Chemist: 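So that we are looking at the same thing, I have put the structure below in structure tokens.
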Amino acid sequence: MAEMTKGRFGIHGGQYVPETLMNAVNELEKAYEFFKNDEEFNRELTALFNDYAGRPSLLYYAEKMTKDLGGAKIYLKREDLNHTGAHKINNVLGQALLAKKMGKKRLIAETGAGQHGVATATAAALMNMECVVYMGKEDTERQALNVYRMRLLGAEVIPVTSGTATLKDAVSEAMREWTNRIDDSHYCLGSVMGPHPFPTIVRDFQAVISKEARQQILEKEGKLPDAVLACVGGGSNAIGSFYHFIGDEGVRLIGCEAAGRGIDTFETAATVNTGRVGIFHGMKSYFCQDEYGQIAPVYSISAGLDYPGIGPEHAHLHDIGRAQYVPVTDDEAVDAFEYLARTEGIIPAIESSHAVAHAMKLAPTMSKDQIMIVTISGRGDKDCAAIARYRGEDIHE
Amino acid sequence: MSKLKEAFLNGKTLAPFITCGDPNLQATAASIREAVKSGAKLIVLGIPFSDPTAEAPLLQEASIRALKGGVNTDKVFAFMKELRETVSVPVVFVTYANVVFSYGVDRFMENCDKSGVNGLMIPDLPYEERGDFLPECKKCGIELVTQLALNSDNRIEMIAKDAGEMICLTAKIAAGSTFDEALTKLKETIERIRKASGAPCLIDFDLDDADQVRKVVGLADGILISSAIVRLQAKYGDEASKYIGECVEALSKA
């Protein structure tokens, strides 16, 4: 019977939400089913992507990195060049437009590092909507500049003090708030997680990444890549990067999880590598949890990957062996952050640096006629002060 | 007649919600005894979960205090078994899907049965997903409580018609609305539930005002009192049982 319910990816996904939210998710599903095939909606969204967000994003041949590592030819999919500096804007423009069509006047959102919050505040400003962003108190302190950005864009930022006061608590709080204001509010969820239809909606809006990348690599190289790499927290830039390659069996899909201080420590956020199947935040998927199903307090240097679960479609891709999920530690990510800055003059987000780190390990093991695409999901300006501190420098924003 | 049905005999039912192990199991036992002595006919016992998304932060804090105090699912079952030696009123467990799923659904229900639990309520398990747990519940004779909300609207009939021995209707005052407006909506909702099902209906409404409690209880078979109890537990800790008893007694008379 479980397999028969809506929004399943194998055994994962579903709609594990309180009855108070069921009409809201059903209303959203119905609206999305209509608008996803609506010509006008798609025309408007494409215009927003191209004229506002700066799409298509570049597929850049990282020649120096390729030569330095001495293996596969490395291309970077430059989502960091999007307006607001990350892939998050793709999903947010789609959802804000959908919410507007549904007659909602208000967007609520959760945010970890602040990227999704900034993107949501941006879309709300553009579309003349109210915006309230829930952010773990600890994160509002770690990412004070992003809090200011959101306020500058007209959003209200509410620090969340419940639980561990991080991303998972911000999600919980946004869900609670949604139940209070379903009539006029849309919950603009930032990743491919939560109850159906969110994992599908967010995936579809992010799939533009692989749609472009597939076309771009065929134009540049005349063949498909051998591997596609992206970092995974909830997994939105990764599923966006993978989606149009899933049917191409020869393309290895590799998600890079935040291992924090290592998967053999408790200070990790590597869900597939250390978690078990569970039910949380509206979905069945893999979660970091203790033996009694209590959700584990996860850790990563990256506030954007600091989440105890993974999107249900990733869980399924893992189960069937179509995608592989590898752990990358803080140290490795920081090394990669510095490496890409020095080698290519590109400062990647610390989240994206997890994918770069694995590329640095993998590329030398591949041959020179092989190709890999690494998604740079966001730019790293926001992380500079934190990385400097990680290296022992006394810099504050 | 099933044990759970006893909770709804002889007048209205007041059901206090108590987080098991907040701040420790001795305090929980004392609170339950006082509540029963003061007129509680059904005990709703929460197995703590780290992230109870359907509940107010106040209840999450209670869960976290209990977890910090060292309680876990095994200890809750052992506690329940011991409690049954002295307390005979029906008990419904409330916990989140992951607590049950992680324990093993089969094993969880068997232990419910062995320790004298009568029902189970899972806030993040809506009607459509109940197939994950319902067969095991039925096998062990544990009632999976049917959940409805004030905004269930077009879903009321579909869900209520399949209800077993108990319906729990979540009510709250919507943003920008009043108690009286919620009461009107509650009345309409209950009338529709009654047409679709004969199961007793408990209302989960976060109230501690005796007058409001009386108005709500008048519409249905009983009321679940959560925040008022949790607040007392938070304030008085080990000494809370006396105050919880007084609270139950005052609201029972309402």
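Note on naming: letters A, B, ... go to the chains in the order of the sequence lines (proteins, then strands), and numbering restarts at 1 for each one. Basis for what follows: all heavy atoms, side chains included, without hydrogens, waters or symmetry-related copies. From a predicted model like this one, the values you see are computed outputs, not experimental measurements.
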Chemist: Which bit of Pro135(B) is near chain A, if near means a heavy-atom gap under 4.5 Å: side chain, backbone, both or neither?
Modeler: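 Looking at Pro135(B), nothing touches chain A.
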Chemist: With a 4.5 angstrom heavy-atom cut-off, which part of Pro57(B) approaches chain A: side chain, backbone, both or neither?
Modeler: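 Both parts, backbone and side chain.
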Chemist: Taking 4.0 angstrom as the limit, do Arg155(B) and Glu19(A) come out as a salt bridge?
Modeler: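 So Arg155(B) pairs with Glu19(A) through a salt bridge.
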Chemist: Among Lys284(A), Lys6(A), Arg8(A), which one satisfies salt bridge (charged side-chain N to carboxylate O under 4.0 Å, His left out) with Glu129(B)?
Modeler: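 The passing option is Arg8(A).
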Chemist: With respect to chain B, which residue among Gly282(A), Pro18(A), Gly14(A) yields the maximal number of heavy-atom pairs within a distance under 4.5 Å?
Modeler: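 Winner by heavy-atom pair count: Pro18(A).
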Chemist: Side chains of Tyr292(A) and Asp74(B), heavy atoms from C-beta outward: is any pair under 4.5 Å?
Modeler: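 Answer yes - side chains close enough.
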Chemist: How about Lys161(B): does its NZ atom have over 12 heavy atoms from other parts shown lying under 6.0 Å from it?
Modeler: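 Atom NZ in Lys161(B) is packed in, count exceeds 12.
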Chemist: Take a 6.0 Å sphere around NZ of Lys187(B) and say whether it holds more than 12 heavy atoms from other residues, nucleotides or ligands.
Modeler: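 No, the 6.0 Å shell around NZ holds no more than 12 heavy atoms from other groups.
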Chemist: Kindly determine whether Ile279(A) and Tyr96(B) satisfy side-chain contact (heavy atoms from CB on, under 4.5 Å), including the steps that lead there.
Modeler: CA-CA 9 Å; Ile279(A) 299 170; Tyr96(B) 280 69; over 6 Å; no
Chemist: Return the CD to CG distance between Gln60(B) and Asp169(A), rounded to the nearest 0.5 Å.
Modeler: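 Taking CD in Gln60(B) and CG in Asp169(A), the distance rounds to 6.0 Å.
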Chemist: Check the pair Asp124(B), Val17(A) against side-chain contact (heavy atoms from CB on, under 4.5 Å), reporting the backbone distance first and the verdict last.
Modeler: CA-CA 5 Å; Asp124(B) 58 345; Val17(A) 292; over 6 Å; no
Chemist: Take Thr53(B) and Glu173(A) through the test side-chain contact (heavy atoms from CB on, under 4.5 Å) and record every step on the way to the result.
Modeler: CA-CA 7 Å; Thr53(B) 47; Glu173(A) 206 55 40; over 6 Å; no
Chemist: Considering all heavy atoms of both residues, which atom of Ser50(B) and which atom of Gln294(A) are nearest to each other, and what is their separation?
Modeler: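 That closest heavy-atom pairing would be N-OE1, 2.7 Å.
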Chemist: More than 12 heavy atoms of other residues, nucleotides or ligands under 6.0 Å from CD of Glu82(B): is that the case?
Modeler: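 Check fails, neighbour count at 12 or below.
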Chemist: So for Asp183(A), is it side chain, backbone, both, or neither that comes closer than 4.5 Å to the heavy atoms of chain B?
Modeler: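 Asp183(A) has no heavy atom closer than 4.5 Å to chain B.
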Chemist: Which of the residues Leu67(B), Ile159(B), Asp51(B), Val99(B) is involved in the greatest number of heavy-atom pairs with chain A at under 4.5 angstrom?
Modeler: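 Of Leu67(B), Ile159(B), Asp51(B), Val99(B), Asp51(B) has the most heavy-atom pairs under 4.5 Å with chain A.
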Chemist: Among the options Thr73(B), Ile47(B), Leu148(B), pick out the one with the most heavy-atom pairs lying under 4.5 Å from chain A.
Modeler: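 Heavy-atom pair counts peak at Thr73(B).
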Chemist: Rounded to the nearest 0.5 Å, how far does CD of Gln147(B) lie from OG1 of Thr20(A)?
Modeler: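 It comes to 9.5 Å.
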Chemist: If you round to the nearest 0.5 Å, how far is CE of Met22(A) from CG of Asn154(B)?
Modeler: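 If I round to the nearest 0.5 Å, the distance is 10.5 Å.
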Chemist: Tell me whether Lys101(A) at atom NZ has more than 12 heavy atoms from other residues, nucleotides or ligands lying less than 6.0 Å away.
Modeler: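 Result for NZ/Lys101(A): enclosed.
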Chemist: Measure Leu150(B) against the heavy atoms of chain A and call it side chain, backbone, both or neither at under 4.5 Å.
Modeler: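 The answer is neither part of Leu150(B).
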Chemist: Do the side chain of Arg176(A) and the main chain of Glu55(B) share a donor and acceptor less than 3.5 angstrom apart?
Modeler: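 Yes; at least one donor-acceptor contact below 3.5 Å.
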Chemist: Take Phe101(B) and Val277(A) through the side-chain contact (heavy atoms from CB on, under 4.5 Å) test and state the conclusion after the steps.
Modeler: CA-CA 9 Å; Phe101(B) 183 78; Val277(A) 177; 3.7 Å; yes
Chemist: Between CD1 of Ile182(A) and CG of Asn151(B), what distance do you get to the nearest 0.5 Å?
Modeler: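 With rounding to 0.5 Å, CD1 (Ile182(A)) is 5.0 Å from CG (Asn151(B)).
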Chemist: Against chain A, work out which of Ser152(B), Ala174(B), Ala54(B) has the most heavy-atom pairs shorter than 4.5 Å and name it.
Modeler: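 Looking at each of Ser152(B), Ala174(B), Ala54(B) in turn, Ser152(B) comes out on top.
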Chemist: Side chains of Tyr16(A) and Asp132(B) only: does a donor on one sit below 3.5 Å from an acceptor on the other?
Modeler: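 Present: a donor and an acceptor within the cut-off.
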Chemist: For Phe108(B), which atoms come within 4.5 Å of any heavy atom of chain A: side chain, backbone, both, or neither?
Modeler: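 Interface part for Phe108(B): neither.
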Chemist: Go through Gln289(A), Arg181(A), Met175(A) and name the one with the most non-hydrogen pairs under 4.5 angstrom from chain B.
Modeler: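 The candidate making the most pairs under 4.5 Å is Gln289(A).
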Chemist: To the nearest 0.5 Å, what is the distance between CG on Asn98(B) and CD1 on Ile295(A)?
Modeler: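 It is 5.0 Å, given to the nearest 0.5 Å.
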Chemist: Counting only heavy atoms closer than 4.5 Å, note whether Phe49(B) contacts chain A via side chain, backbone, both or neither.
Modeler: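 Contact with chain A is through both the backbone and side chain of Phe49(B).
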Chemist: Is it the backbone or the side chain of Glu291(A) that comes under 4.5 Å from a heavy atom of chain B, or both, or neither?
Modeler: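 For Glu291(A), the contact with chain B is made by the backbone alone.
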Chemist: Residue by residue, scan residues 263-275 of chain A and write down, ordered by number, those that have a heavy-atom distance under 4.5 Å to chain B; if none do, write 'none'.
Modeler: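 The list, in residue order, is empty: none.
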Chemist: Quick check on Ile173(B) against chain A: is it the side chain, the backbone, both or neither that has a heavy atom closer than 4.5 Å?
Modeler: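 For Ile173(B), neither part sits under 4.5 Å from chain A.
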